[in-house]
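Report on one structure; see the data block that follows.
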There are 2 protein chains.
Amino acid sequence: MKPLFHPDTADIQLSSVLYALSDPVRLTIVHKLRQNGERACGDIELPIAKSTVSHHSRTLREAGVIRTRTHGTHRLLSLREEDLEARFPGLLNAILASYEETDEL
Amino acid sequence: MKPLFHPDTADIQLSSVLYALSDPVRLTIVHKLRQNGERACGDIELPIAKSTVSHHSRTLREAGVIRTRTHGTHRLLSLREEDLEARFPGLLNAILASYEETDEL
DNA sequence: TCTATTGTTCGATAATCATAGAACATTAAA
DNA sequence: TTTAATGTTCTATGATTATCGAACAATAGA
């Protein structure tokens with residue numbers, strides 16, 4: 001099993017985080033993860049191909065926004081809330097609060 | 001003089017704002033505008049061609065992040081702080097605070 | 001051991017983007 | 001009316017991206 005790359009908290013780049021969250025699909029993923037907690041890829045209902053979901057998960061993971069762990073044949077995704085809060089206090093909250101106020105849901 | 005498009009406050013999209021701010025050059029522009037107030041394009045020192053600055057200014061303007069007005073041969077750029085605060089409370093502050101804590105300066 | 005499930009990776013494609021230089025438009029100044 | 005200054009727009013280019021389907025890998029279960 002190939003180990004998945006996750007940046008250290010200190011190495012998380014602001015521009016990468018903002019870029020990762022600038023895509024509506026990825027924003028939706030992050031929103032659902034915060035709402036429901038850790039979830040398998042397939043449990044996040046999205047109207048796109050699974051290979052595309054995988055691509056977006058990777059973008060979020062490599063930016064440091066989510067963590068991915070393996071459990072059986074599943075990949076469980078979770079938000080790196082504490083890490084993001086430590087690195088960029090208030091940022092994730094402001095973004096998700098904005099998302100929830102919006103008609104982009 | 002061609003009127004420049006600026007989205008209405010209500011039409012500002014979160015994903016567009018995040019995308020606009022996900023580029024280090026554009027983040028720098030926005031940071032300097034908040035620090036120094038309204039500025040002409042040329043007064044913002046950047047190691048890129050002026051046509052590129054113009055491109056980035058347009059991206060920020062069309063996303064609703066900055067306002068551009070004409071004054072003589074100059075184009076004066078300013079942050080749409082109140083509009084952004086009204087649309088996405090706390091967002092700009094969280095992003096710029098994160099930027100200032102970072103070594104991306 | 002076979003089969004089904006879950007998700008990643010590969011290959012391809014169409015679209016978008018950051019960048020720069022050249023040409024152009026507008027205005028101020030000489 | 002020239003000339004200089006300030007930016008925008010046009011054109012081109014190389015890079016990145018979002019998307020999909022097909023092939024692959026890993027694991028659980030029968």
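Side-chain atoms are counted along with the backbone in the values below, which use heavy atoms only and exclude waters and symmetry mates. Throughout, a chain's letter reflects where its sequence line sits, starting with A, and its residues are numbered from 1. Model, not experiment: these values are computed from the prediction.
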- [ ] Starting at atom CZ of A:R69, determine the distance to atom P of C:dT8, rounded to an integer number of angstrom.
- [x] 14 Å
Open item on the list: Can you list everything that forms a side chain to side chain donor-acceptor pair (under 3.5 Å) with A:H6? Sequence neighbours excluded, please.
Closed with: none
TODO: In whole angstrom, give the distance that lies between atom CZ of A:R58 and atom P of C:dC10.
DONE: 8 Å
Open item on the list: Rounding to an integer number of Å, can you tell me how far B:I29 CD1 sits from C:dT19 C1'?
Closed with: 14 Å
TODO: Going 5' to 3' through nucleotides 14-22 of chain D, assign each nucleotide B (protein heavy atom under 4.0 Å from a base atom), S (under 4.0 Å only from sugar-phosphate atoms) or - (no protein heavy atom that close).
DONE: ---SBBBBB
Task: A:D83: salt bridge (charged side-chain N to carboxylate O under 4.0 Å, His left out) partners, not counting sequence neighbours - done: A:R67, A:R80
Open item on the list: Measure NE2/A:H71 against C1'/D:dA28 and give the value in whole Å, please.
Closed with: 11 Å
Task: Spacing of A:H74 atom NE2 relative to C:dG7 atom C1', expressed in whole Å - done: 10 Å
Open item on the list: Run the side-chain contact (heavy atoms from CB on, under 4.5 Å) test against B:E85 and tell me which residues pass, sequence neighbours left out.
Closed with: B:P89
TODO: Mind calculating the distance between CD (B:E62) and P (C:dT16) to the nearest angstrom?
DONE: 14 Å
Open item on the list: Under a plain distance cut-off of 3.5 Å, with no hydrogens placed, do B:T28 and B:Y99 share a side-chain donor-acceptor pair?
Closed with: yes
Open item on the list: Angle between the two end axes of the helix from C:dT1-D:dA30 to C:dA30-D:dT1, five base pairs per end, rounded to 10 degrees?
Closed with: 20°
Open item on the list: Using the side-chain contact (heavy atoms from CB on, under 4.5 Å) criterion, which residues pair with A:Q35? Sequence neighbours excluded.
Closed with: A:H31
TODO: For B:E81, check salt bridge (charged side-chain N to carboxylate O under 4.0 Å, His left out) against everything at least two apart and list the hits.
DONE: none
Task: Linked hydrophobic residues, B:Y19 as query - side chain contacts closer than 4.5 Å - done: A:Y19
Open item on the list: I need the residues from residues 34-44 of chain B with at least one non-hydrogen atom less than 4.0 Å from DNA chain D; give them sorted by number, or say none.
Closed with: B:A40, B:C41, B:G42
Task: Short side-chain donor-acceptor distance under 3.5 Å, A:T68 and A:R75 - done: no
Show me, pair by pair, the donor-acceptor contacts under 3.5 angstrom made by side chains of residues 39-50 of chain B, not counting sequence neighbours?
none

- [ ] Figure out the CZ/C1' separation between A:R61 and C:dG7, and round it to whole Å.
- [x] 12 Å
Open item on the list: I need the CG-P distance between B:L76 and C:dA28, as an integer number of Å.
Closed with: 12 Å
TODO: Name all residues meeting the side chain to side chain donor-acceptor pair (under 3.5 Å) criterion together with B:R61; count only those two or more places apart in sequence or in a different chain, and write none if there are none.
DONE: none
Task: Counterpart residues, side chain to side chain donor-acceptor pair (under 3.5 Å), relative to A:H55 (two or more places apart) - done: none
- [ ] Ignoring backbone atoms, establish whether A:T73 has a side-chain N or O less than 4.0 Å from OP1 or OP2 of C:dT5.
- [x] no
